[in-house]
Novice: 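Structure in structure tokens, see below.
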Amino acid sequence: MKTVTIEELLTWAFVHELPKGGGVDGLDNANSAWRMLEASSWGKITSFAELGAIVDQGRGDTENYWIEQGEPHDDAVAVGRAVAGLSRCDVAVPAGWNALADWPDSEGMAEAAVKKAVERYMVRTPQRRAAGIVSLVVGTAILGREPDFGAEPSKVRMIERGGRPAWFVMRRMKHEDGQTYDLEVDGYNGRTQRPVKGAYRKYEFSIDPTGDILGRLDYQIWVAALRRLEAEIATQMVGHRLVFSDRSMTPWLEADRPGVAIVERAADRPAKKTASAC
């Protein structure tokens with residue numbers, strides 16, 4: 001048996017084995033072992049030779065299907081099946097998750113930016129988030145590198161308007177629907193050239209950290225996915241022995257801290273059987 005890490009196993013599977021059946025198009029071809037697994041068709045196939053008999057003749061790309069590529073290794077098939085299974089999962093972000101915990105104190109600005117970025121991520125549909133997990137695992141395996149988690153601290157600056165520090169004030173306004181709302185408006189009186197009563201100044205990051213936050217979210221999703229795959233396929237290998245990874249969830253911190261989790265979507269969990277009433 002060959003001893004490998006989960007990253008090495010994924011790269012071997014997606015670069016050398018799972019493109020088989022896809023000809024010159026490799027993984028992108030609908031007839032590749034990976035696309036067949038992804039479409040949940042592999043369970044209907046008893047042999048790779050049988051795969052050649054069910055090629056979709058209507059696609060017009062059957063010339064790219066090379067049976068001479070051979071059958072993908074059983075371990076690669078197990079890896080592909082497990083990765084395809086991630087499409088039934090979702091990302092769970094814990095309360096208080098702070099992707100910028102290594103940044104200097106910004107009086108809540110960093111925490112607010114993280115909360116906003118997470119809300120932006122969670123607006124995506126569960127299906128889109130699940131597809132993102134699969135794409136992240138496959139993409140990093142093909143490229144042979146981890147997601148970038150770099151996030152250089154951004155400088156804090158005062159918000160300006162017209163090249164001068166801006167003023168803001170909260171005003172309570174009544175809408176035509178009868179509801180009362182608090183709105184933030186311009187707090188500078190142009191006539192008196194002075195800020196109005198109760199006006200305040202605000203600050204912002206010189207560079208929007210949203211991209212860095214989402215990058216660290218991707219990194220933790222990737223690590224969580226690798227851990228899930230390790231646990232699932234370790235006992236299924238016939239030609240490889242997995243060395244479990246000690247990769248940190250938070251390499252930007254001195255100590256490893258808990259991060260996001262990959263969980264099975266509620267809609268895809270098997271329904272619990274309950275006793276029926278007589």
Novice: Under the side chain to side chain donor-acceptor pair (under 3.5 Å) rule, collect the residues that match up with R247, sequence neighbours excluded.
Specialist: E7, E146
Novice: If you round to the nearest 0.5 Å, how far is CG of D208 from NZ of K116?
Specialist: 7.0 Å
Novice: Is there a continuous path of hydrophobic side-chain contacts, each under 4.5 Å between heavy atoms, that joins V15 to W34?
Specialist: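 No.
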Novice: Is the shortest side-chain heavy-atom distance between R120 and L214 below 4.5 Å?
Specialist: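 The answer is yes, as the side chains (C-beta and beyond) meet within the 4.5 Å cut-off.
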Novice: Check for me whether the distance between the ring centres of F205 and W103 falls short of 6.0 Å.
Specialist: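 Close enough - the centres of the two rings lie under 6.0 Å apart.
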Novice: Starting at OG of S245, measure out to CG of L229 and round the result to the nearest 0.5 Å.
Specialist: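 Taking OG in S245 and CG in L229, the distance rounds to 12.0 Å.
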Novice: Please evaluate residues V238 and H73 with respect to the criterion side chain to side chain contact (heavy atoms under 4.5 Å, CB included), reporting the C-alpha separation (whole Å), side-chain torsions for both, the decisive distance (0.1 Å), and the verdict.
Specialist: CA-CA 10 Å; V238 295; H73 193 284; 4.1 Å; yes
Novice: Do V260 and P94 have side chains that get closer than 4.5 Å, going by heavy atoms?
Specialist: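 Result yes, sub-4.5 Å side-chain heavy-atom pair found.
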Novice: Name every donor-acceptor pair, under 3.5 Å, that has one atom in a side chain of residues 166-173 and the other anywhere in the protein, sequence neighbours excluded.
Specialist:
| residue | atom | partner | partner atom | Å |
| --- | --- | --- | --- | --- |
| R172 | NE | D182 | OD1 | 2.8 |
| R172 | NH2 | D182 | OD1 | 3.4 |
| R172 | NH2 | D182 | OD2 | 3.1 |

Novice: At their closest point, which heavy atom of S248 faces which heavy atom of Y219, and how far apart are they?
Specialist: O-OH, 2.9 Å
Novice: Could you tell me whether the side chain of R227 and the main chain of F244 form a donor-acceptor pair under 3.5 Å?
Specialist: no
Novice: Can you check whether G190's main-chain N or O pairs, donor with acceptor, with Q193's side chain at less than 3.5 Å?
Specialist: yes
Novice: Got a sec: does the CZ of R145 have more than 12 other heavy atoms crowding it under 6.0 Å?
Specialist: no
Novice: Is it the case that the side chain of E17 and the backbone of P72 share a donor-acceptor pair, with hydrogens and angles ignored and the cut-off at 3.5 Å?
Specialist: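 Not at all, since once roles are kept as given, no pair shorter than 3.5 Å links the two residues.
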Novice: Roughly how far, to the nearest 0.5 Å, is the CG atom of D246 from the CG atom of D256?
Specialist: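 Reported value, rounded in 0.5 Å steps: 9.0 Å.
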Novice: Given side chain to side chain contact (heavy atoms under 4.5 Å, CB included), test I133 with I221 step by step and report yes or no.
Specialist: CA-CA 7 Å; I133 301 171; I221 291 171; 4.0 Å; yes
Novice: W12 vs H240 aromatic rings, parallel, tilted or perpendicular, using cut-offs 30° and 60°?
Specialist: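 W12 and H240: tilted rings.
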Novice: Give the minimum heavy-atom separation between A224 and I262, together with the two atoms involved.
Specialist: CB-CG1, 3.5 Å
Novice: How far does CD of E204 sit from OG of S106, to the nearest 0.5 angstrom?
Specialist: 13.0 Å
Novice: If you look at every heavy atom in M237 and A78, which pair is closest and at what distance?
Specialist: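 The pair with the smallest heavy-atom distance is CE-CB, 3.8 Å.
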Novice: Looking only at heavy atoms, which two atoms of E8 and T5 are closest? And how far apart?
Specialist: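 Answer, listing the atom of E8 first, then T5: OE1-N, 3.0 Å.
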Novice: Tell me the closest heavy-atom pair linking V77 and L37, and the distance in Å.
Specialist: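 Between these two residues, the closest heavy atoms are O-CD1, 3.9 Å.
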Novice: Measure the shortest side-chain to side-chain distance between E264 and R228 over non-hydrogen atoms and say whether it is less than 4.5 angstrom.
Specialist: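 Yes, close enough: below the 4.5 Å cut-off.
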Novice: Find out if a path of hydrophobic residues (ILVMFWY) with successive side-chain heavy-atom gaps under 4.5 Å connects L136 to L143.
Specialist: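 Unlinked, L136 and L143 end up in two clusters.
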Novice: Which residue, D102, D148, T250, N98, forms the side-chain hydrogen bond (donor to acceptor under 3.5 Å, both in side chains) with R216?
Specialist: D102
Novice: Same cluster for M158 and Y200 if Ile/Leu/Val/Met/Phe/Trp/Tyr side chains link at under 4.5 Å?
Specialist: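 M158 and Y200: separate clusters.
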Novice: Would you indicate whether the side-chain heavy atoms of Y203 and E107 approach each other to under 4.5 Å?
Specialist: no
Novice: Would you indicate whether the side-chain heavy atoms of M249 and R257 approach each other to under 4.5 Å?
Specialist: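 Not touching, per the 4.5 Å side-chain cut-off.
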Novice: Answer yes or no: is there a side-chain heavy-atom contact under 4.5 Å between S32 and P19?
Specialist: no
Novice: Passes side chain to side chain contact (heavy atoms under 4.5 Å, CB included), R194 versus N189? Steps please.
Specialist: CA-CA 5 Å; R194 294 175 60 86; N189 188 322; 5.6 Å; no
Novice: V4 pairs by side chain to side chain contact (heavy atoms under 4.5 Å, CB included) with which of T11, L10, L9, V243?
Specialist: L9
Novice: Do I159 and V185 land in one hydrophobic cluster if side-chain heavy atoms of ILVMFWY residues count as linked below 4.5 Å?
Specialist: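 As far as the 4.5 Å side-chain criterion goes, V185 and I159 are not connected within one cluster.
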Novice: Are the charged groups of D75 and K2 less than 4.0 angstrom apart, N to O?
Specialist: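 Answer for the salt bridge query: no.
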Novice: Heavy atoms, side chains only, cut-off 4.5 Å: are I213 and Y121 in contact?
Specialist: no
Novice: Tell me whether L86 shares a hydrophobic cluster with M122, the cluster being built from Ile, Leu, Val, Met, Phe, Trp, Tyr side chains joined at under 4.5 Å.
Specialist: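 L86 clusters together with M122.
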Novice: Shortest non-hydrogen contact from E184 to K202?
Specialist: OE1-NZ, 2.8 Å
Novice: Taking 4.0 angstrom as the limit, do R129 and D90 come out as a salt bridge?
Specialist: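 Looking at R129 and D90, the cut-off is met.
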Novice: Could you give the distance from CD (E152) to CG (D212), rounded to the nearest 0.5 Å?
Specialist: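 The CD atom of E152 sits 9.0 Å away from the CG atom of D212.
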